[in-house]
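To start, the structure under review is shown below, and the notes come after it.
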Amino acid sequence: MISSQLYDWRTVINENKPGAGTEAGAARAELLRAVMTRLAPWAERYDLLKDRIEVSAYTGAVSTKLPPSFPDAFLVARLVLWSFTMDYCVDRAHLNEAPGQRGDGLGHLETQLAAVVKSALETAGMAPEEIAHLGFNLSMEGPAGVDQRSILLSSAWRDIFNDLDEAAVHASDAEGRKFVRTNATRQLLGLIRSWRQERVDSIARQHAPGGGALPEMEDYVSQGALSTGFSYTAIGPSAFEPSPEATWKACFDAMDSGARITRLCNDMGNYEAELDEGKINALIIALAQLGFDPFHRYHAASPELKRAKELLQSHLESEVKRFALLSTVLPNGRLGFWVRTTPAFVLAMYERGNYVEPA
């Protein structure tokens, strides 16, 4: 049971959960209905995951600062749904070759990623040299070409990006708009890169004797925080800020902490699924730290898994305390509200075992 005197996340949930009990709850319920009405056909148009439409709409509706802002909530909902779908595609890429080989599986994945990345750069008017440090092979073209889903994902991102840009035009000056465009693209590509690396690493571990060496917990959580999409999704509310760059910097440390909370909650909720996928998970690292076989399949009530969860829970409690302190100095705008609110719903949702609507 995670709690903090400084960050009372259960109160945050009660204050921002859609419902008829309060004026704010009624406003959020109406906002949720409006987002759902628009999000479903949008998802259909771009072939995005239908089973994630509801939770994406919910995330947008509860993390938007009141009074209700449909453009803000709809933008966050689309960012979340897009990331769910892209992550799904990367996770299910067939990469069967051993380390050091470059078979059709990895080549096909990199072709799809290159197509999405190139489209994102073109949309933002950025040159490939500006993201050279991320290591994408933008000349990669597999024999099967670009999938229809990659084309649709690129189109969906252009739709999102254009609305980010429009929001920035109305909210800030030319420099602010430039920051929103560039930051949005860099956050997107950093997220895609982290997913790609996780997928490639999981294949390498499947071929390594004994599953390979495990990273230290701190290193894993620090690197894995990026792949949660926390800072990527924050580009939505940041586009509505009058001074987006300054606000982003003011929220940066709290976003890092929120992403770590999300990473730890995600790993506790998705342990079995990620074990099947060959992914490293914080529970796997905790098992190893306690001297247990990290890749053994333990049943839910096993003492080994129970102790590992207790260890991970202590890491999570420490991070919630850090976030509590950082959240007290967040700016009082749309981005600050989003950063302050989102970890509360992450904690509540994963208490039920996965990323679903809280009870």
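Note that this is a predicted model, so its numbers are computed, not measured. Computed over heavy atoms, backbone and side chain alike; hydrogens, waters and symmetry mates excluded.
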### Query
Is there a donor-acceptor contact under 3.5 Å from the side chain of Arg199 to the main chain of Val90?
yes
### Task
May I ask you to decide if Asp253's main-chain N or O and Ser257's side chain share a donor-acceptor pair within less than 3.5 Å?
no
What are the two closest heavy atoms between [X] and [Y], and how far apart are they?
{"X": "Leu66", "Y": "Ala24", "result": "CD1-CB, 3.6 Å"}
{"X": "Pro237", "Y": "Thr233", "result": "CD-O, 3.5 Å"}
{"X": "Leu347", "Y": "Cys265", "result": "CD2-SG, 3.7 Å"}
{"X": "Pro71", "Y": "Phe240", "result": "C-CZ, 3.8 Å"}
{"X": "Pro331", "Y": "Arg340", "result": "O-NH2, 4.0 Å"}
{"X": "Tyr7", "Y": "Ala344", "result": "OH-N, 3.0 Å"}

Can you tell me how far apart [atom1] ([X]) and [atom2] ([Y]) are? Round to the nearest 0.5 Å.
{"X": "Leu153", "Y": "Ser83", "atom1": "CG", "atom2": "OG", "result": "10.5 Å"}
{"X": "Ser243", "Y": "Phe179", "atom1": "OG", "atom2": "CZ", "result": "11.0 Å"}
{"X": "Gln223", "Y": "Ile280", "atom1": "CD", "atom2": "CD1", "result": "13.5 Å"}
{"X": "Asp87", "Y": "Leu49", "atom1": "CG", "atom2": "CG", "result": "9.5 Å"}

Are side-chain heavy atoms of [X] and [Y] found at a separation under 4.5 Å?
{"X": "Leu188", "Y": "Phe161", "answer": "no"}
{"X": "Leu189", "Y": "Val117", "answer": "yes"}
{"X": "Ser231", "Y": "Phe252", "answer": "no"}
{"X": "Leu312", "Y": "Leu264", "answer": "yes"}
{"X": "Ile53", "Y": "Phe84", "answer": "no"}
{"X": "Tyr46", "Y": "Leu81", "answer": "no"}
{"X": "Phe345", "Y": "Asn16", "answer": "yes"}
{"X": "Trp157", "Y": "Leu79", "answer": "yes"}

Between [X] and [Y], is there a shared hydrophobic cluster once you connect ILVMFWY residues whose side-chain heavy atoms come closer than 4.5 Å?
{"X": "Phe337", "Y": "Val62", "value": "no"}
{"X": "Val339", "Y": "Leu326", "value": "no"}
{"X": "Leu226", "Y": "Met86", "value": "no"}
{"X": "Leu325", "Y": "Val329", "value": "no"}
{"X": "Leu290", "Y": "Tyr220", "value": "yes"}

Taking everything shown except [X] itself, do over 12 heavy atoms lie less than 6.0 Å from its [atom1]?
{"X": "Glu304", "atom1": "CD", "value": "yes"}
{"X": "Glu310", "atom1": "CD", "value": "yes"}
{"X": "Asn332", "atom1": "CG", "value": "no"}
{"X": "Lys50", "atom1": "NZ", "value": "yes"}

### Task
Determine whether the side chains of Glu241 and Ser172 contain a donor N or O and an acceptor N or O closer than 3.5 Å.
no
### Query
Any side-chain donor paired with an acceptor under 3.5 Å for Asn183 and Gln187?
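A donor-acceptor contact under 3.5 Å links the two side chains.
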So that I can tick it off, tell me whether [Y] and [X] are bridged by a salt bridge, with the cut-off set at under 4.0 angstrom between side-chain N and carboxylate O.
{"X": "Arg334", "Y": "Asp72", "result": "yes"}
{"X": "Asp256", "Y": "Arg322", "result": "yes"}
{"X": "Asp163", "Y": "Arg78", "result": "yes"}
{"X": "Arg158", "Y": "Glu122", "result": "no"}

### Task
Sequence neighbours left out, what passes side-chain contact (heavy atoms from CB on, under 4.5 Å) with Asn14? Give chain and number order.
none
### Message
Run the side chain to side chain contact (heavy atoms under 4.5 Å, CB included) test on Phe136 and Lys118 for me, step by step, so that the C-alpha distance in whole Å, both residues' side-chain angles and the decisive distance to 0.1 Å come before the verdict.
### Response
CA-CA 10 Å; Phe136 287 108; Lys118 284 191 287 188; over 6 Å; no
### Query
Between Arg263, Arg193, Gln197, which is the residue that forms a side chain to side chain contact (heavy atoms under 4.5 Å, CB included) with Ser227?
Arg263
### Task
Identify the residue among Ile235, Leu164, Asp165 that makes a side chain to side chain contact (heavy atoms under 4.5 Å, CB included) with Arg181.
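Checked Ile235, Leu164, Asp165 against Arg181; only one passes side chain to side chain contact (heavy atoms under 4.5 Å, CB included): Asp165.
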### Query
Step by step, would you call Glu245 with Lys249 a salt bridge (charged side-chain N to carboxylate O under 4.0 Å, His left out)?
CA-CA 6 Å; Glu245 184 170 9; Lys249 290 178 180 178; 3.7 Å; yes
### Message
Ring centroids only, cut at 6.0 angstrom: are Phe323 and Trp9 within range, meaning strictly under it?
### Response
no
### Query
Is the Trp82 ring parallel, tilted or perpendicular to the Tyr232 ring (thresholds 30°, 60°)?
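Answer is tilted, since the angle falls between 30° and 60°.
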### Task
Just do the salt bridge (charged side-chain N to carboxylate O under 4.0 Å, His left out) check on Arg28 and Glu15 with the steps written out, would you?
CA-CA 10 Å; Arg28 291 206 184 278; Glu15 290 176 347; over 6 Å; no
